[in-house]
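As structure tokens, the structure follows; a few thoughts come after it.
Note on naming: letters A, B, ... go to the chains in the order of the sequence lines (proteins, then strands), and numbering restarts at 1 for each one. Every heavy atom of this structure was used, including side-chain atoms; hydrogens, water molecules and symmetry mates were not.
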Amino acid sequence: MSELRGWLLDLYPVAGSGMVLWLIGEDGMRRRLVQDFSAVFYAAGAAAQLRALWRWLQANPVPVRLSRTRRRDIFQPHPVDLMSIEVIEGASQERLFHEVSQIFPSLTYYDADIRPALRHAAAHGTFPLCRCQVGLGADGKVSRILPLDTPWEIDPLPPPLRILTIQPETDPRRGEPSALVVRFQQQNWRFDMQPPRALLVNLRAVLERCDPDLLLTDWGDGWLLPRLVELSKEGNIPLPLNRDPQMEIQVLPARSYSTYGQVIYRDQQMLLFGRCHIDSFNAMLFHDYGLSGVYEMGRVSRLPLQLAARLSPGSGISAMQIVKALELGILVPWHKQQAEFPKTTWQMIRSDQGGMVYQPLTGIHANVAEIDFMSMYPSIMVHCNISPETTKPARKPGEADQPEAEEEAGLIPQTLAPLLEKRLELKRRLADMPTWDPRRRIYKTQASAHKWLLVTCFGYMGYRNARFGRIEAHEAVTAYGREALLRAKEAAEDLGFTVLHMYVDGLWVQRQGADKPADFQPLLEEITERTGLPISLEGIYHWVTFLPSRQDERVPVPNRYFGVFQDGSLKVRGIELRRRDTPAWVAETQLELMELLAKCTDPMQLPQRLPAAITLLQNRLADLRHHRVPLDQLVVSQKLSRPLAEYTSRSPAARCAAQLQALGRETRPGQVMRFLYTLGEPGVHCWDLPSPADPASLDIPRYTTLLLRAASTILSPLGMDEGTLRGWVISRSGYLASPQADPSRRGETLPLLQASYSIPK
DNA sequence: TACAGTCGGGG
DNA sequence: GTGTACGACTGTA
């Protein structure tokens, strides 16, 4: 018997061995350990069917232990009688269950389709990068594994990961790259793709010498690793991408799926064994989190790092619920993928009640505080103990906040509570941490990873295919959310504030003489008192402007606004800058305009910035006309929403896809098309074509309009609508003009424009 | 002018 | 193999 200490990098079942665990030892050694692994699943149903299943399993060569038991199904009022099937060789469970479900389709199954890593997490308290102590038996197998920390640790001892980075020198979407750039610690290499033999030999040497734990790539899933594997096979030169020589790289195919009201395209995935491959361009939100966010996702969701890096948030929260259910002995329903049926009218009416949305007072407002409920929906689920099993179907709005005193916390609140608590603790620490502290960045990425999990937990509960979903629970949450916002509004008005706007989980309030955090503190306390939910001061704006609709300027729109906080930072929602399909040149200019205005802390002085704004726009447009704007700054990205043939009118993205298809390059729904607007037909030039765009064909009038439109969004509160702005920036002849440059306009000054203010005296 | 197509949100 | 529904806005026919 010997003991090891270290960090758990990865684990997976292997037929014939059990669970393989990769441990990074405190001594720096990387060890492949093996642990016995059995997997239990359950069947319930008619006695005759269960007897038949029992006989079938006993005659089947896969060794199992069978018994009878009872357990709780949260969707049933009483514990369920079950047949327990323990598959001795856990690696065979998936295949055995598949067969059983085909032969006995009328039985109900539980705990049947659970990832082995989650079973291990529930049984041993393990998780990716968990620091642990491992006991080895005389046979060399793991006899005991003892976690030394939990996913809720704020400052875990960081695992000493060895990271190898491989990037193609150019974007593979725009043509075959000719070289790879490879980095490890302080070392850099550049390897030509040709000849393949030299490339493979060099890479092999690097892999063997560095023996990385993490392979971090650009385009590794869709291009790099598939290409390397192909070259390695063709040239018959083995490349040890896997650390575990007994395993083959696992390829998960590309897919398009529909979620969140839109189509998502996921590229294929290349999963390694014994080390983790993370493609920073295929990892969901990698650019938001960075690596430390991926580690955090893995730790709290318990999903292996390679999966955590690419997971869509729904699967993260689902994994957490499954582990919690296993820990509590609650049955995990089999996740049958149901066909999506269109919702009935009745369901449409029911789901109609979403978050509270208010009409803001348009115009420019000074000294406004924005206060937001912190993780509102998850906080409600915990505060009101809302879970599929605790929710009574006919609960009315306003009644949801009275949990029965003795009611035990439900599955969802128990899953969320530690996550919420950790997030609050991170926020508390961030609040009084100096800006230079290097831990800030880590805490921030952790908190934003949690944010995702928390936000999606709510949406997921209303999702018909969720294992622990229940529409009534979903509705109870939104009902309480609306109620809480209304109570917050009452509290604000009782304390003498004017409520300018409310949006789902935040409100904007103003009061004469209130301009520092302490002025709003009593309101925060009063709201928490009245709602039971934590709320915080997002910030105090020097000024903020809520924009009206472009279609009809009399109509305010709830989520188009921008403003400057007292710390100088900008907050922007809903406008061009925030849209993925706005070219960088337009977005950057719009941001510059806002920064120009942000120099004014007193909104009454904003009109004084107009001449500078107009000069800026004239300069940008002169850049455009004289082809001084780099073409990549003008690229527009749009997503394909459907197969090309299904378009009735071809969007620019569809026409871009047609250009790719003409060259035999397949496109799929959800894929992002990148293109330039060009003159004539078809009006776009695909950015990822081998032939570069001719700068002379650039649709300059179109880009001019895009820029002026974005600029008018920013300047319209000062009375500058798009037409007026165009007149000031461009003369009738189409050339850039200004009163200074155009003799006929010399002496003209900006007219007095009607700006709309609401400033408390 | 009507309608088809794309986007945001939370950070 | 996992988020809903909807309104704002733009471009096309």
Open item on the list: Run A:Thr705 and A:Arg726 through side chain to side chain donor-acceptor pair (under 3.5 Å) and show every step you take.
Closed with: CA-CA 9 Å; A:Thr705 300; A:Arg726 187 177 285 270; 3.1 Å; yes
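- Base-pairing analysis of DNA chain C finds the following stems of at least three consecutive Watson-Crick or G-U pairs, with both pairing distances under 3.5 Å: B:1-8 with C:6-13.
- If you measure from atom CE of A:Met297 to atom P of B:dG11, you get 14 Å, rounded to the nearest angstrom.
- In this structure, the side chain to side chain contact (heavy atoms under 4.5 Å, CB included) partners of A:Pro128, at least two apart in sequence or on a different chain, are A:Leu305.
- Here A:Phe373 lies out of heavy-atom contact (under 4.0 Å) with every strand.
- Residues A:Arg428 and A:Glu425 are paired through a salt bridge, judged by an N-O separation under 4.0 Å between the basic side chain and the carboxylate.
- Using a 4.0 Å cut-off, some side-chain N or O of A:Ser641 falls inside it from OP1 or OP2 of B:dT6.
- In terms of phosphate contacts, A:Arg579 brings no side-chain nitrogen or oxygen within less than 4.0 Å of OP1 or OP2 of C:dC9.
- To the nearest angstrom, C1' of B:dG9 lies 10 Å from CG of A:Asp505.
- When the side-chain nitrogen and oxygen atoms of A:Arg580 are compared with OP1 and OP2 of B:dT6, none of them lie within a distance under 4.0 Å.
- Note that CD1 of A:Ile535 is 6.5 Å distant from CG of A:Leu524, once rounded to the nearest 0.5 Å.
- As rounded to whole Å, 19 Å separates atom P of B:dG9 from atom CG of A:Leu454.
- Closest to the side chain of A:Arg655, from the set B:dT6, C:dG11, C:dA8, is C:dG11.
- Comparing the C1' positions of B:dG11 and C:dG7 gives a spacing of 22 Å, expressed to the nearest Å.
- If you take CG of A:Leu577 and C1' of B:dC7, they are 14 Å apart, rounded to a whole angstrom.
- A:Thr545 and A:Pro717 make their closest contact through OG1-CG, 3.5 Å (heavy atoms, listed as atom of the first residue, atom of the second, distance).
- As judged by a 4.0 angstrom heavy-atom cut-off over every strand, A:Arg115 is placed among residues making no nucleic acid contact.
- One interatomic measurement links the two molecules: CG of A:Leu303 to P of C:dG1, which rounds to 16 Å at whole-angstrom precision.
- In this structure, the CZ atom of A:Arg642 is 6 Å from the P atom of B:dT6, given to the nearest Å.
- Among B:dG5, C:dC9, B:dG10, the nucleotide with an atom closest to any side-chain atom of A:Gln551 is C:dC9.
- Side chain of A:Arg467 to main chain of A:Val332: no donor-acceptor pair is present (N/O by atom type, distance under 3.5 Å, no hydrogens or angles).
- Across all strands, A:Asn559 comes closer than 4.0 Å only to sugar-phosphate atoms, never to a base (heavy-atom distances).
- Proximity of A:Lys639 to the phosphate of B:dT6: no side-chain N or O atom is located under 4.0 Å from OP1 or OP2.
- Under the 3.5 Å distance criterion, the side-chain polar atoms of A:Thr713 are matched with a main-chain donor or acceptor of A:Arg709.
- Close to C:dA8, at under 4.0 Å from its OP1 or OP2, lies no side-chain N or O of A:Arg560.
- As rounded to whole Å, 12 Å separates atom P of C:dC9 from atom CD of A:Glu722.
- Closest to the A:Asp113 side chain, of the nucleotides C:dA13, C:dG11, C:dG1, is C:dG1.
- With hydrogens and angles ignored, a donor-acceptor pair closer than 3.5 Å exists between the side chain of A:Arg578 and the base of B:dG11.
- The side chain of A:Thr648 sits closest to B:dA4 out of B:dG10, C:dC9, B:dA4.
- One finds a side-chain N or O of A:Tyr647 lying less than 4.0 angstrom from the OP1 or OP2 phosphate oxygen of B:dT6.
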* Quick one: do A:Glu94 and A:Arg119 satisfy salt bridge (charged side-chain N to carboxylate O under 4.0 Å, His left out)? Show the steps, please. => CA-CA 13 Å; A:Glu94 189 182 347; A:Arg119 292 183 188 271; over 6 Å; no
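- Within the structure, every side-chain polar atom (N or O) of A:Arg650 is placed at least 4.0 Å from both OP1 and OP2 of B:dA4.
- Side chain of A:His685 to backbone of A:Thr678: no donor-acceptor contact under 3.5 angstrom is found.
- A sub-4.0 Å separation between OP1 or OP2 of C:dG11 and a side-chain N or O of A:Arg709 is present.
- At a threshold of 4.0 angstrom between heavy atoms, the contacts of A:Ser637 are confined to the sugar-phosphate backbone, with no base atom among them.
- Here A:Arg467 lies in heavy-atom contact (under 4.0 Å) with a base.
- Following rounding to the nearest Å, A:Glu681 (CD) and C:dA13 (P) show an atom-to-atom distance of 8 Å.
- Ion pairing between A:Arg423 and A:Glu296 fails under the 4.0 Å rule for side-chain N and carboxylate O.
- Checking C:dC9, B:dG10, B:dG5 against every side-chain atom of A:Arg573, the shortest atom distance belongs to B:dG10.
- Distances shorter than 4.0 Å separate none of the side-chain N or O atoms of A:Ser549 from OP1 or OP2 on C:dA8.
- Dashed line: the shortest gap from a side-chain N or O of A:Arg550 to OP1 or OP2 of C:dC9 is not under 4.0 Å.
- For C:dG11, the OP1/OP2 oxygens have a side-chain nitrogen or oxygen of A:Arg702 closer than 4.0 Å.
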